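Taking it in order: structure first as structure tokens, then the write-up.
From a predicted model like this one, the values you see are computed outputs, not experimental measurements. Just so we're on the same page: letters track the sequence lines, and every chain starts at 1.
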There are 2 protein chains.
Amino acid sequence: MSETPPGKGASAARAPRRVRADAQRNLKTLIKAALDVFAASGVDAPVREIAEKAGVGVGTLYRHFPQRSDLIVAVFRSGVDCCADAAETLAEEHPPLEALSRWMQHYVDFIATKRGLAAALYSGNPAYDNLPAYFEQRLVPALKSLLDKAGAAGEVRRDVDPFDLLRAVAQLSNSAPGDSEHTRRMVALLIDGLRYGATSDHKPRQ
Amino acid sequence: MSETPPGKGASAARAPRRVRADAQRNLKTLIKAALDVFAASGVDAPVREIAEKAGVGVGTLYRHFPQRSDLIVAVFRSGVDCCADAAETLAEEHPPLEALSRWMQHYVDFIATKRGLAAALYSGNPAYDNLPAYFEQRLVPALKSLLDKAGAAGEVRRDVDPFDLLRAVAQLSNSAPGDSEHTRRMVALLIDGLRYGATSDHKPRQ
DNA sequence: CCTTATACGGAACATTGTTCCGTTTATCAA
DNA sequence: TTGATAAACGGAACAATGTTCCGTATAAGG
């Protein structure tokens, strides 16, 4: 955002040295490692395990994420961002209904990696206070856009609230942990439900 | 329940020595201490603190509750039992509406001591799997009986689901932790809501 | 009163979050 | 290219906490 190249600073302070390359690399590596470890062992996984997986000392981890919760938040947000971005990509590359369907599975996969997150959310730790808002703020518009496109094409009904759907899928994902096939089938069923009573009254002109 | 006095056992085994008095005493003391500590510091309070408050070594605590979660479960169940029993007592000692109202406040106080329990419930630890069922199984009938009595007396409407009410109160209690007065007012409001549209069609004959 | 199964206490251990600090290294200017 | 230096690194050390172990104390029963 604010690169501040070597040239003299606008105000008084000495030109702040650019962020070191290894630091940037480690930041990405850590988030990736945490993503994997959380997916494999839940968000309660020990920090050391993550540091080791990233090939980094715990000191380095703590330099980037002063608190364990900061790492969890970062991973969660990056996952949410990834999901939200995928909505755009999918909408460009696929017909409306398929884009919607693929996105749903994408979302299911995301939720699946969040074992134990619910407990953290309910822990009362203020570090997580903003997560639900961020979740809703990024994902509701993403899904809404997909639903609207599919609705306009007359492929799904238009009376479904995106947030309801997000929550429902999250609940389905948590009901039978480990049986991802069951979740997949139920989500597919949910999507079929969307098609029931679809009207093409706003069918696009071409 | 099964006292097994010194007399020869019914089947084969040697008459098992009676449970030592100090052990019984410590068990009660521990639950009481845990109740207080959990109420003061939430269910995440350290075991040592509870043992100390009970005037007992951690070894003793672990003899009675092999896992930390066992203690939490025991305290929770004893609280639920206490609430359920209070329903009967209150129904005997007060007119229907007041019994209902008093029980609600009793229940609010119970919920208030359960800070952090939600997180435990969502933790995925199977130790807590049965708690919600126990909760519902004991409290729904208790509340239902109070509601029915008040409903039969024509003091409250009869279309309210006890479980809904329990959940609503729990949610109100968690929304503003620390402001118990707010909770109290909102619960009072909820009860007033019960009175709206009450019908005395089944008014008792005397 | 003696024996003994039972229970007790708390030190010791294991795990995990977090801090500290000596060492390494990327960046920048000369 | 090279040297100075701020930034970043690694991991030992610390602290908090769940859990185990075992020597000691004691209530129950004869």
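Between A:Ile50 atom CD1 and C:dT15 atom P the separation is 17 Å, expressed in whole Å. Between B:Arg63 atom CZ and C:dA5 atom P there is a gap of 14 Å when expressed in whole angstrom units. Following rounding to the nearest Å, A:His64 (NE2) and D:dG10 (C1') show an atom-to-atom distance of 12 Å. Atom CG of B:Asn26 is separated from atom P of C:dG9 by 6 Å (rounded to the nearest Å). Whole-Å rounding puts the B:Asp44 CG to D:dG18 C1' distance at 13 Å. In this structure, B:Phe65 atom CZ and D:dG18 atom P are separated by 15 Å, rounded to whole Å. One can place CD of B:Gln24 at 18 Å from P of D:dT26, the figure rounded to the nearest angstrom. B:Asp22 places its CG atom 19 Å from the P atom of D:dT24, with the value rounded to the nearest Å.
Checking the phosphate oxygens (OP1, OP2) of C:dA7, no side-chain nitrogen or oxygen of B:Thr60 falls inside 4.0 Å. Dashed line: the shortest gap from a side-chain N or O of A:Arg18 to OP1 or OP2 of C:dC28 is under 4.0 Å. Within the structure, every side-chain polar atom (N or O) of A:Gln67 is placed at least 4.0 Å from both OP1 and OP2 of C:dG17.
Relative orientation of the B:Tyr122 and A:Tyr122 rings is parallel, given thresholds of 30° and 60° on the angle between their planes. Using bins of under 30°, 30° to 60° and over 60° for the plane-to-plane angle, the ring pair A:Tyr107/A:Phe110 lands in the tilted bin.
Projected onto DNA chain C by closest heavy-atom contact, B:Arg48 and A:Arg25 fall at different nucleotides, the more 5' of which corresponds to B:Arg48. Toward the 5′ end of DNA chain D lies the nearest nucleotide of A:Arg20, the other residue of the pair A:Arg20 and B:Pro66 mapping further downstream. Each of B:Val58 and B:Val19 lies near DNA chain D, and the nucleotide nearest B:Val58 is the one positioned closer to the 5' end.
Checked against side chain to side chain donor-acceptor pair (under 3.5 Å), B:Arg157 has the following partners two or more places apart in sequence or in another chain: B:Asp159.
For A:Pro46, the side-chain atoms get nearest to C:dT16 when compared with the rest of C:dG9, C:dA26, C:dT16.
Within 3.5 Å, a donor on the side chain of A:Arg17 pairs with an acceptor on the base of C:dT27, or the reverse.
A salt bridge is absent between B:Asp22 and B:Arg25: the closest approach of a Lys/Arg side-chain nitrogen to an acidic carboxylate oxygen does not fall below 4.0 angstrom. Between B:Arg185 and B:Asp179 there is no salt bridge, since no side-chain N of the basic residue sits under 4.0 Å from a carboxylate O of the acidic one.
The residue B:Arg68 sits close only to the backbone: its heavy atoms come under 4.0 Å of sugar-phosphate atoms, none of a base.
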